[in-house]
Amino acid sequence: MRKILGHVFFARPATVVAPDLLGKFLVRRTPDGEAAHMITEAEAYEGHDDRASHASRGRTARNAVMFGPPGRWYVYFVYGMHEMLNVVTGADGCPSAVLLRGVEGIVGPGRLTKRLGISRTENTLPASKATGLWIEDRGVRIMMRQIEKTPRVGVAYAGEEWAAKPWRFVVKKVIP
DNA sequence: ACGATGATGAAC
DNA sequence: TTCATCATCGTA
């Protein structure tokens, strides 16, 4: 079972898409070949009300893709050295996105993009096979009870209410 | 605990 | 045009 995720999957609220992305595979194709990585950690950033979201301060050159159709990549540069990979979610015009924070064997959003060779070059491109970066359902099912929900990382500036939202989703470690 | 390192956005 | 800040990471 191998299905490339498209518009229908991403055209839902970020808080719904984020946990649903756990167990899906981020697939990267480069001249060196193709590699699939199971997503293990994701964070939701909702529309303009979410003070932790880049979209909360309105549309700018950087976040413009968030205001467009779902299923496109939003890649931005932060702290002078890290590229962050997000996928745009929700209806066209409703700015929201999911930050991919980790895959199997790679923990941390900055490490993820570095290891897969992802940069702002991918910003605004659709998540599809044609762009060399897409997401597949390969039949792995993650139960709700396997998902840990925590507040998002590094968003204290957003204020108590928004910083506390349990919108970070992580696949729990399986105890052997 | 802290410095790296540069784009971003808001203030001036 | 300046300046504080930043959805982080590696080294200590």
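In what follows, chains are A, B, ... by sequence order, proteins preceding strands, each numbered from 1.
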*What is the distance, rounded to the nearest whole Å, between atom CZ of A:R59 and atom P of B:dA10?*
15 Å
_Whole angstroms only, please: what is the NZ-P distance between A:K114 and B:dA4?_
17 Å
*asked:* What is the distance, to the nearest angstrom, from the CD atom on A:E83 to the P atom on B:dG6?
replied: 12 Å
*Sugar-phosphate, base or nothing in reach of A:R62, heavy atoms under 4.0 Å*: sugar-phosphate
*With nearest nucleotides of DNA chain B determined for A:R120 and A:M81 from heavy-atom distances, which residue corresponds to the more 5′ nucleotide?*
A:M81
*Looking at C:dA7, does its base get a donor-acceptor pair with the side chain of A:H82 below 3.5 Å?*
no
*Counting heavy atoms not belonging to A:R29, are there more than 12 under 6.0 Å from its CZ?*
yes
*Does the side chain of A:R101 get closer than 4.0 angstrom to OP1 or OP2 of C:dT8 through an N or O atom?*
yes
*asked:* When you measure only distances, ignoring hydrogens and angles, does the side chain of A:Y76 come within 3.5 Å of the base of B:dA7 through a donor and an acceptor?
replied: no
*Does C:dA7 have OP1 or OP2 sitting under 4.0 Å from an N or O in the side chain of A:Y74?*
no
*asked:* Rounded to whole Å, please give me the gap between CG in A:L99 and C1' in C:dT8.
replied: 11 Å
*A:R12 bridged to A:D20 by N-O distance under 4.0 Å*: yes
*Grab the two heavy atoms, one from A:A36 and one from A:V27, that are nearest each other, plus how far apart they are.*
CB-CG2, 4.1 Å
*Does the distance from a Lys or Arg side-chain N to an Asp or Glu carboxylate O, for A:E43 and A:R101, drop under 4.0 Å?*
yes
*Using a 4.0 Å heavy-atom cut-off across all strands, classify A:Y79 as base, sugar-phosphate, or nothing.*
base
*For C:dT11, which nucleotide in any strand shown is its Watson-Crick or wobble partner with both distances under 3.5 Å?*
B:dA1
_Side chains of A:R51 and A:S56: any donor to acceptor distance under 3.5 Å?_
no
*Return the value, rounded to whole Å, for the distance between atom OH of A:Y157 and atom C1' of B:dG9.*
13 Å
_Interatomic distance, A:F77 CZ vs C:dA7 C1' [rounded to whole Å]_ = 14 Å
*Would you mind reading off the distance between A:H54 atom NE2 and C:dA7 atom P, rounded to a whole angstrom?*
4 Å
*Specify the separation, in whole Å, of atom CE of A:M84 and atom P of B:dT5.*
16 Å
